[in-house]
Amino acid sequence: MSTCVRCAVDGNKFEAAAIPDVNRPPITVVGSGLAGTLLTCILARAGHRVDLYEKRADPRRADVERGRSINLALSVRGLHALREVGLADDVLKTAIPMQGRVIHALDGRLAFQPYGKDEREVLYSVSRADLNRLLVEAAARLEGVRLFFRHRCVGFDLDTGIAEFSAEGIDAPVEVPTTLLVGADGVFSAIRGQLQKREGFDYSQEYLGHGYKELSIPAGPGGAFRLEKHALHIWPRGDSMMIALPNQDGSFTCTLFWPLDGPNSFAALTDEATIGAYFRRNFADAVPLMPTLARDFRHNPTGPLVTIRCRPWHLNGRAVLLGDACHAVVPFLGQGMNAAFEDCTVLRDCLAQHGPDYGQAFRRYQELRKENLDALADLCVENFIEMRDRVASPWFVLAKRLQVFLHRLLPGWYVPLYVMIEFTRIPYAEARRRARRQNRLILGLLSVFFLIVFVAVLIYRG
Ligand code: FAD
């Protein structure tokens, strides 16, 4: 294994104090985002040595990049994985429970829709930066883990296993021989890029036609929350939508989802006056709470919304993909990170089950995950339409109330799809199948009910 002088100079946790299992070759993880760091903790706790490479600076020392989603909704799947490495309680200490959605109508009326049947079925608003820092700190404390920041992966040879990194301050690329490499390098993964060059690798990316921009509602005097604290706020406006999640300091991070082109879009409305007018027309109750709107709009980047699918997720028993690198989804179910965390525990179990036969372990991992992540990708796009269009409709509200009623009445039999996704660990594809079965049964029962009523009326009349 070649080493990098700069890391030692930077004072990263470079020399591992003790190596858990010297007989096992180290696993190389590329990307210390949410999935890569959690996987590092999980693998190190299972007795693997792990070398983690990240192109950015060490988050324990650097500031957060502006405009990357500031907070995230954490739910049962993600919490379960964090619990397995003993980090769930630390994360929950600073998380804000959100019990439901507050819908902001055009005329300023508010309506609360609970997420689940009781106070245990809540989502948690967590800071991306704090969570990432906590995971990096946890990884750095584990024996056998070495962290290499400011190392961008620029190449990977699938035949030899040699990965190339361009490291800040070093002219020539650093060559690192690897035995098992995990590509956890996010939606525009360099490792996936290498796999794509191989024959038989399927890949698709679908842009949504909408982009997103982060805006802010600062805290009121004394750190007061200026909207309901324990809720996710939604301003559904048909073609566009804004949401807001609470932060610990009393502020809310808003995300505007807007068409990229067309009459009311990122492309069409660019100057302060037209943007201001659009916001006053569509988000009238939020505008007085957003004193930095014009500045945020100008400075914060517009992000793309993309679904990525590929197959296989692994090659040669040498490289495997994880998280957004193999299954980026649009964020309308708040599941991208949760699903990526779920990947980590499944991959660990497959490695434990198949020992040194990495090829078999990766095949099993893909078998267990791929169908589910495909289902999630579809559900996320469908939920976008629900969130921006339907949540405000009285029929939608009625249907939701009926679902909550049935769930409370018959919790073992009827579980709404949203509840299965957010508050259980039922595999996504199975949840979708079960929801379809439930809906068919309810429609059947309702049809029979109305038929009986109809026949009874006919008999009574004559
Ligand atoms: P990332 O977190 O993107 O990490 C990838 C890492 O790899 C980064 O640190 C990057 O710097 C590094 N990297 C990239 N290229 C290289 C390279 N060549 N060499 C070395 N390092 C490299 N999910 C939820 O569960 N709940 C939510 O509420 C939610 N909200 C979202 C809101 C928005 C607007 C968006 C865009 C996404 C949201 N997501 C949410 C999805 C979530 O952000 C992702 O699914 C999650 O970050 C995936 O984790 P990851 O580790 O796979 O990728």
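Bear in mind the structure is a predicted one, so any value in this text is a computation, not a measurement. All ligand and atom numbering here is 1-based and tracks the order in the structure.
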Heavy-atom pair with the smallest gap, counting every atom of [X] and [Y]:
{"X": "D324", "Y": "V187", "value": "CB-N, 3.6 Å"}
{"X": "V136", "Y": "D58", "value": "CG1-OD1, 4.2 Å"}
{"X": "Q113", "Y": "V397", "value": "NE2-CG2, 3.7 Å"}

Only one of T307, N383, V306 forms a side chain to side chain contact (heavy atoms under 4.5 Å, CB included) with V330, so which one is it?
-> T307

For [X], atoms of ligand 1 separated by under 4.0 Å from a heavy atom:
{"X": "H151", "result": "19 (N), 20 (C)"}
{"X": "G336", "result": "23 (N), 24 (C), 25 (O), 41 (C), 45 (O)"}
{"X": "R152", "result": "18 (N), 19 (N)"}
{"X": "G323", "result": "52 (O)"}
{"X": "R128", "result": "2 (O), 42 (C), 43 (O), 47 (O)"}
{"X": "G33", "result": "2 (O), 4 (O), 6 (C), 9 (O), 51 (O)"}

Would [X] count as a polar contact of ligand 1, with the cut-off being nitrogen or oxygen pairs under 3.5 Å?
{"X": "N338", "value": "yes"}
{"X": "L72", "value": "no"}
{"X": "E214", "value": "no"}
{"X": "N71", "value": "no"}
{"X": "T255", "value": "no"}
{"X": "M337", "value": "yes"}

How far apart are the C-alpha atoms of H314 and Y365, what are their side-chain angles, what is the distance that settles it, and do they pass the ring-ring contact (aromatic ring centres under 6.0 Å, His included) test?
-> CA-CA 9 Å; H314 58 95; Y365 160 69; 8.2 Å; no

Ligand 1-proximal atoms of [X], by part, heavy-atom distance under 4.0 Å:
{"X": "Q335", "value": "backbone"}
{"X": "V30", "value": "side chain"}
{"X": "F188", "value": "neither"}

Pick whichever of [options] has a heavy atom sitting closest to [atom].
{"atom": "atom 5 (C) of ligand 1", "options": "C326, G31, A184, A190", "value": "A184"}
{"atom": "atom 19 (N) of ligand 1", "options": "G193, S75, C153", "value": "C153"}
{"atom": "atom 38 (C) of ligand 1", "options": "P331, G78, A73, A339", "value": "P331"}

Polar side chain donor-acceptor pair, D261 to S265, under 3.5 angstrom | no

Indicate whether the side chain of E214 and that of Y212 have a donor and an acceptor atom separated by less than 3.5 Å.
-> no

With a distance cut-off below 6.0 Å to the six-membered ring centre and an angular limit of 45° from the axis, does R101 pair with Y418 as a cation-pi contact?
-> yes

Of F148, F149, F156, which meets ring-ring contact (aromatic ring centres under 6.0 Å, His included) against Y53?
-> F148

Working to the nearest 0.5 Å, report the span between CH2 of W258 and CG of D239.
-> 11.0 Å

K213 side-chain N/O to N300 backbone N/O, donor-acceptor pair under 3.5 Å = yes

